[in-house]
There are 2 protein chains.
Amino acid sequence: MVLPSAAGTEPRKITINDVAKSAGVSRQTVSRALNDKDEIDSDTKQRVLDAARALGYRPSRFARGLVRQDTMTIGLVIPDLLNPFFTEVAAAALEAARTRGWQVVVYDTGDRAEEELGTLQVISSQVDAVIGYFSCPEGELEKFTRGMPVVLIGREQRTRFSAIRIDGAAGVHAAVAHLVAQGHTRIGMLDHHTRAEPSVRHEWFTTAAAAHGIEAGMVVGADQTADGGGAALRTLLGEHPDVTAVFTFNDIIAIGALREARRLGRNVPRDLAVIGFDGLQLGALVEPPLTSVALDTRQLGALAIEQVARLLSGGEALAADDLVVRGELRLSGSA
Amino acid sequence: MVLPSAAGTEPRKITINDVAKSAGVSRQTVSRALNDKDEIDSDTKQRVLDAARALGYRPSRFARGLVRQDTMTIGLVIPDLLNPFFTEVAAAALEAARTRGWQVVVYDTGDRAEEELGTLQVISSQVDAVIGYFSCPEGELEKFTRGMPVVLIGREQRTRFSAIRIDGAAGVHAAVAHLVAQGHTRIGMLDHHTRAEPSVRHEWFTTAAAAHGIEAGMVVGADQTADGGGAALRTLLGEHPDVTAVFTFNDIIAIGALREARRLGRNVPRDLAVIGFDGLQLGALVEPPLTSVALDTRQLGALAIEQVARLLSGGEALAADDLVVRGELRLSGSA
DNA sequence: AGCGCTCCCGTGAGCGCTCACGGGACTGCC
DNA sequence: GGCAGTCCCGTGAGCGCTCACGGGAGCGCT
């Protein structure tokens with residue numbers, strides 16, 4: 001591959017005009033050659049193509065996009081690509097977008113609020129709409145997304161934006177009911193620890209626990225990784241050795257807890273029942289298979305794309321009541 | 001073939017001029033208001049902002065990109081977002097791209113060659129360069145990527161494009177050597193089955209087996225999922241009940257085999273040793289932890305981005321010998 | 001010659017936006 | 001009054017490309 005190495009000089013962008021000049025034809029002829037249009041002699045076409053290659057010409061997608069504005073690009077902002085839950089959502093969104101012929105740009109904020117803003121700033125001039133998990137204040141969000149459709153996922157507070165609510169109340173209630181029915185009374189929770197305030201999933205847990213008349217104070221924050229889940233379980237069992245069941249913020253933490261339980265010689269589910277949240281496909285691969293409050297990630301992705309479509313078309317958006325994905329207890333081996 | 005179907009269905013696009021007219025100011029003032037520029041009265045600014053919101057104005061990212069061409073977007077094409085290996089690579093590429101201030105657009109082809117072409121067609125006018133896994137003929141590839149830098153991953157044949165080679169020969173050799181040292185002589189393989197020809201990883205396996213003087217004919221094709229791995233193991237053990245160790249095309253298949261072995265009452269590694277390929281983080285979560293020929297996905301992603309950078313700048317590209325990621329045997333519980 | 005037709009190719013216009021510049025209105029100060 | 005300075009705001013130009021036209025050249029036919 002031979003490219004003109006711009007030695008020292010500013011590598012001035014090569015435009016269609018440079019190619020035209022080099023091939024001794026007009027812009028339009030170059031355009032015709034590159035786009036496989038009709039009205040062009042095959043010899044001329046080859047000459048243009050050669051000239052373009054020799055110059056290392058790359059058409060500007062902006063200029064092209066400007067004139068024929070037929071592409072829609074959605075920005076998908078997620079906290080962590082390595083967390084399977086988000087990749088499941090991303091895959092679902094990608095699939096839903098594909099049926100519309102839309103592009104999806106994926107961004108990873110690393111679960112840090114400051115990255116969110118940076119990403120948002122960049123994104124705002126790159127996409128036509130944004131779908132994502134955001135933990136930053138709503139004001140900041142609005143500032144960077146002026147006039148752009150935004151669909152939030154899993155944000156609980158009432159908001160000016162469209163938000164797909166994840167409602168796990170019933171699912172968590174069912175999970176606790178299941179544990180209680182199995183005879184458990186000392187149920188702990190491994191929560192998300194990076195947020196200052198307790199998570200909504202934790203609230204669901206305490207509510208469910210209260211409904212069953214059991215204590216819900218045995219909570220330990222966990223890093224959003226399997227190792228974090230393991231460490232948190234160790235801490236929890238250290239503080240409350242009589243715990244016989246744990247509910248976790250998500251499946252990754254649960255899987256770490258599963259592993260840690262094995263290391264501690266606790267048989268799951270006999271000595272320790274574990275129930276996760278998310279319902280990852282991954283949960284079926286571990287031993288024992290994970291019981292979890294499962295979310296339909298495909299529906300989640302599809303809903304988000306659907307709502308974006310409505311916002312973009314200026315049509316009637318889906319109401320908040322329709323923008324809900326409900327967690328459902330899926331029983332398996334671990335509880 | 002997926003073509004960009006008529007995406008936006010708005011009757012008429014609202015431009016900056018419409019907002020200007022509506023607010024009774026000039027284009028430039030609108031621009032100033034929207035971009036938080038200085039030379040504007042705060043009252044005017046608010047009036048413009050209100051007008052923009054009332055009209056539902058969204059700036060064109062193409063026009064904006066045209067005039068200040070400072071954004072670089074890389075297209076990352078992977079076969080399956082739900083396979084953790086690819087998300088690890090994607091995460092690595094995203095991270096490497098971020099340090100350069102680049103965007104990454106992720107595409108999922110579903111491991112189907114026809115999707116690759118459709119994706120390529122769409123992508124070619126959307127990104128500045130392409131990184132990806134492609135199984136389609138090179139000619140097709142070139143046709144859709146005219147003049148655009150392309151970096152392939154894991155393609156073995158010599159190619160006109162830059163390609164990052166995955167070299168597992170030594171790693172697989174070490175894996176087989178390890179199994180032989182443990183006393184195994186009947187080693188089977190669970191290969192990838194969707195390609196017509198046998199995989200390169202299979203060749204590495206037969207070569208390594210030959211070097212150790214053991215038979216390598218016990219091969220079963222597997223679907224690229226855990227279930228596929230399980231089914232393939234069952235088939236393999238049905239055909240060759242004396243097999244005591246298996247090497248798999250990748251970790252997902254290996255994890256499925258692990259689970260199936262447990263169901264069949266075979267203890268791993270005592271009754272059946274399992275060695276995977278890829279070295280997924282996921283491998284550490286299953287029981288027993290997976291022994292695998294590990295690839296450095298971060299290096300893979302970083303290399304790809306680095307090469308793209310060199311191709312784009314017109315500078316000297318990395319040579320084929322530098323574009324290699326080598327698999328390395330990482331011992332763990334399963335073998 | 002004149003006409004119509006096909007095959008190529010070029011020219012003007014414009015997509016929607018930002019940048020550089022110019023300029024009016026108003027202030028303060030000599 | 002004159003001048004500089006500040007604060008706003010508007011105008012022309014142009015980013016790189018494609019689309020809609022127009023038009024020359026060559027052909028065959030009347």
Side-chain angles (χ1 to χ4, degrees), chain A residues 10-49 51-52 55-73 124-128 146-148, chain B residues 4 7-8 10 12-49 51-52 55-73 124-128 146-148:
Chain A
E10 269 298 316
R12 195 179 54 87
K13 183 96 162 84
I14 292 154
T15 78
I16 199 173
N17 287 310
D18 299 321
V19 179
K21 210 164 298 176
S22 165
V25 295
S26 72
R27 299 191 305 266
Q28 179 61 6
T29 302
V30 175
S31 175
R32 275 191 270 254
L34 292 169
N35 297 359
D36 265 331
K37 289 292 179 75
D38 258 353
E39 306 182 342
I40 186 173
D41 185 81
S42 62
D43 288 347
T44 315
K45 181 170 172 177
Q46 194 54 51
R47 191 155 40 91
V48 170
L49 256 34
L55 292 174
Y57 168 70
R58 296 185 295 118
S60 154
R61 65 201 156 83
F62 291 114
R64 190 173 277 174
L66 225 203
V67 58
R68 47 161 208 238
Q69 41 205 52
D70 53 357
T71 51
M72 193 64 76
T73 302
S124 60
S125 61
Q126 288 295 109
V127 301
D128 300 301
R146 271 192 188 130
M148 199 168 22
Chain B
E10 296 105 311
R12 190 179 54 88
K13 187 91 162 75
I14 293 154
T15 78
I16 199 173
N17 287 311
D18 299 323
V19 179
K21 210 164 297 176
S22 165
V25 294
S26 71
R27 295 189 308 258
Q28 179 61 4
T29 302
V30 175
S31 175
R32 276 192 270 254
L34 292 170
N35 297 0
D36 263 329
K37 289 292 179 76
D38 258 354
E39 307 181 341
I40 186 173
D41 184 83
S42 63
D43 288 347
T44 316
K45 180 169 173 177
Q46 195 53 52
R47 191 156 39 94
V48 170
L49 257 32
L55 292 175
Y57 168 69
R58 296 184 295 121
S60 155
R61 64 201 156 85
F62 291 113
R64 190 173 279 173
L66 226 202
V67 56
R68 47 162 208 239
Q69 41 204 59
D70 52 357
T71 50
M72 192 66 77
T73 303
S124 60
S125 60
Q126 288 293 109
V127 301
D128 300 301
R146 268 187 191 132
M148 198 168 22

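In what follows, chains carry the letters A, B, and so on, assigned in the order in which the sequence lines appear, proteins first and then strands, with residues in each chain numbered from 1. Only this structure's heavy atoms are used, side chains among them; waters, hydrogens and symmetry mates stay out.
- For the residue pair A:Ala20 and A:Ser26, the shortest heavy atom distance occurs at CB-C, 3.6 Å.
- Computed from coordinates, the B:Arg61 CZ to C:dT18 P distance equals 14 Å when rounded to whole Å.
- The minimum heavy-atom distance between A:Met148 and A:Asp128, with the atom names listed, is CG-O, 3.4 Å.
- Which of D:dT18, C:dT11, D:dC9 sits closest to the side chain of A:Ser26 comes down to C:dT11.
- Along DNA chain D, the nucleotide closest to B:Arg47 and the one closest to B:Ala63 are compared, and the more 5′ of them pairs with B:Arg47.
- Between A:Ile16 and A:Tyr57 the shortest side-chain heavy-atom distance falls below 4.5 Å.
- Nucleic acid contact for A:Lys45: none, since no nucleic acid atom lies under 4.0 Å from a heavy atom of the residue.
- Atoms CD1 (A:Ile16) and P (C:dG10) sit 12 Å apart, rounded to a whole Å.
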List every contact pair, protein side and nucleotides 21-27 of chain C side both N or O, where the distance is under 3.5 Å.
none

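- In this structure, B:Asn17 does not reach the C:dG16 phosphate: none of its side-chain N or O atoms is under 4.0 Å from OP1 or OP2.
- A close approach under 4.0 Å does occur between a side-chain nitrogen or oxygen of B:Lys37 and OP1 or OP2 of C:dC19.
- Without hydrogens or angle criteria, B:Asp41 side chain to B:Asp43 main chain gives a donor-acceptor distance under 3.5 Å.
- D:dT30: Watson-Crick or G-U partner is C:dA1, with both key distances under 3.5 Å.
- D:dT11 atom P lies 12 Å from atom NZ of B:Lys21, rounded to whole Å.
- Distance CZ (A:Phe62) to C1' (D:dG16): 12 Å, rounded to an integer number of Å.
- The nearest whole Å value for the distance from the CZ atom in A:Arg58 to the P atom in D:dG16 is 12 Å.
- Out of D:dC17, D:dG10, C:dC17, the shortest distance to the side chain of B:Thr29 is found at D:dG10.
- For the pair B:Leu66 and A:Ser60, the tightest heavy-atom approach, listed with the atom from each and the gap, is CD2-OG, 4.4 Å.
- Among C:dG16, D:dC17, D:dC8, the nucleotide with an atom closest to any side-chain atom of B:Thr15 is C:dG16.
- Rounded to whole Å, atom C1' of C:dT6 lies 13 Å from atom CG of A:Asp38.
- Dashed line: the shortest gap from a side-chain N or O of B:Arg64 to OP1 or OP2 of C:dT18 is under 4.0 Å.
- Of all heavy-atom pairs spanning B:Val30 and B:Val25, the tightest one is CG2-CG2, 3.8 Å.
- When distances run from any side-chain atom of A:Ser31 to the nucleotides D:dT18, C:dG16, C:dC17, the shortest one goes to D:dT18.
- Looking at every heavy atom in both residues, A:Val127 comes nearest to B:Arg61 through N-CD, 3.6 Å.
- When rounded to the nearest whole Å, the span between CG of B:Asp36 and P of C:dT18 equals 12 Å.
- Note: CG (B:Leu34) to P (D:dC9) measures 14 Å, nearest angstrom.
- With D:dC9, D:dG10, C:dC8 as the candidates, the nucleotide lying closest to the side chain of A:Asp41 is C:dC8.
- Contacts classified as salt bridge (charged side-chain N to carboxylate O under 4.0 Å, His left out) and involving residues 24-33 of chain B (residues at least two apart or in different chains) are given here: B:Arg32-B:Glu39.
- Residue A:Arg27 has its side chain nearest to D:dC17 when only C:dT18, D:dG10, D:dC17 are considered.
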